[in-house]
Visitor: 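Here it is, the structure, as structure tokens.
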Amino acid sequence: MTEAAARTNLLDLDRAGLERFFAETLGEKRFRAHQVMKWIYHQHVTDFSQMTDVGKALRAKLETHAEIRPPSVQFDKPSADGTHKWLLGMDAGNAIETVFIPDKGRGTLCVSSQVGCGLNCQFCSTATQGFNRNLSTAEIIGQVWVASRHLGNRAHVHRKLTNVVMMGMGEPLLNFDNVVRAMSLMRDDLGFGLANKRVTLSTAGLVPMIDRLGAESDVALAVSLHAPNDELRTQLVPLNRKYPIAELMAACVRYLRQRRKGESITFEYTLMKGVNDDPATARELARLMRRFCNEVQYADAAKVNLIPFNPFPGTRFERSDEATIRAFQKILLDAGVLTMVRRTRGDDIDAACGQLKGQVMDRTRRQAEFRKKLEREGLSHEAA
Ligand code: SF4
């Protein structure tokens, strides 16, 4: 094993994990772990020698057993409208995108959870690449770290990055442990200190994992709905075959019942011309949302986020026109459903929703690398 591989990347550990590491590996007190967390997340320091309130002996132990290794920035690309995209290298051939979107009084970072995605939603650019692998905790929190350092964020002052949405590449609930750990660092005062409601996890609708998330975390939930009935949704989101709308909405009701009164779930709805943007479908969506609010017994329990489709090469879908989008929104608003239209941002850098793509090593190369790895480890392909 190489020296680098033997060292623990501290970005992989949440507060509890870091305290354990300090106690069990370094023989140090918990508060030492807290000091180091502040250096990492409040000051963006990766070099132990710069941690001036950490004693020399501990710094030496840290050098031996630990490292702070955020993802490498392959390029960063600002957009004319203030949007900023980073391409972050993960390993040979793989990279992911992270996008910062500033808006009035807030700045939202869109974070990825996997390299590629296996859920195959029909309108999604990431889906065309297939699934490669889950991101580690360090690779997930590292996206926030890179953006935060670039934006000059300091603990609770000068905060440009105010919100994180787990809405980039991948289905976050299929990488549950790493995502939950990273989201805990986003909300920890010794981490990025964001309020629970400012960290949102967006899922295509993995029902059992929504229940697990409700039990183990306390973040805001967004659901990629895109259709109000099973026939249409199954065509757009194949996962719907396994977890149809009734089961999904029941999980959403359970999720909100565990939260404080007044919280809501955002339902994402990508509008595609002639597919899911007609008035009858809008009325069906409004009825679904009203039923949900009635069940939760809170009038504004559902928020609908209408997303004009962003075309990408090879897609068969088109963006709905402006008048259709407005008419769709009006039907929902008239039915008393809180409905926003997401403005398209970062068009000049391909950073708009559904355009996060990154670079995923193609399957053939992946298989060749895998065979090589097996050979190196003395295993035949068949034995694996
Ligand atoms: S929309 Fe999300 S869950 Fe669906 S394929 Fe794309 S990244 Fe995966």
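Sequence positions, counted from 1, serve as the residue numbers for this chain. Keep in mind that this is a model prediction, so the values were computed, not measured. Counting starts at 1 for both ligands and their atoms, following the listed order. Worth knowing before you read on, the calculation uses all heavy atoms, side chains too, and leaves out hydrogens, waters and symmetry mates.
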Visitor: Give a yes or no on whether a salt bridge exists between Arg326 and Glu322, defined as a side-chain N under 4.0 angstrom from a carboxylate O.
Guide: yes
Visitor: For the residue pair Thr137 and Asn178, confirm or rule out a side-chain donor-acceptor distance under 3.5 Å.
Guide: yes
Visitor: Should the proximity of Val237 to ligand 1, defined as any heavy atom under 4.0 Å, be assigned to the side chain, the backbone, both, or neither?
Guide: neither
Visitor: Out of all atoms in ligand 1, which are within 4.0 Å of some heavy atom of Asn120? Include the element for each.
Guide: 5 (S)
Visitor: Under a 4.0 Å threshold between the charged nitrogen and the carboxylate oxygen, would Glu216 count as salt-bridged to Arg212?
Guide: yes
Visitor: Has Cys121 got an N, O or S atom lying less than 2.8 Å from atom 4 (Fe) of ligand 1?
Guide: yes
Visitor: Name the one of Glu263, Glu295, Lys261 that satisfies side-chain contact (heavy atoms from CB on, under 4.5 Å) with Leu256?
Guide: Glu263
Visitor: Of the backbone and side-chain N, O or S atoms of Cys124, does one lie nearer to atom 6 (Fe) of ligand 1 than 2.8 Å?
Guide: yes
Visitor: Which option out of Ser125, Ser112, Ser113, Gly170 puts a heavy atom nearest to atom 7 (S) of ligand 1?
Guide: Gly170
Visitor: Indicate whether the side chain of Arg291 and that of Asn294 have a donor and an acceptor atom separated by less than 3.5 Å.
Guide: no
Visitor: Quickly, which of Leu109, Leu194, Val199, Leu185 forms a side-chain contact (heavy atoms from CB on, under 4.5 Å) with Val144? Name it, please.
Guide: Leu109
Visitor: Return yes when Ser224 approaches ligand 1 closer than 4.0 angstrom through a heavy atom, no otherwise.
Guide: no
Visitor: Among Gly168, Ala204, Cys117, which one has a heavy atom closest to atom 8 (Fe) of ligand 1?
Guide: Cys117
Visitor: Give the numbers and elements of all ligand 1 atoms closer than 4.0 Å to a heavy atom of Ala127.
Guide: 5 (S)
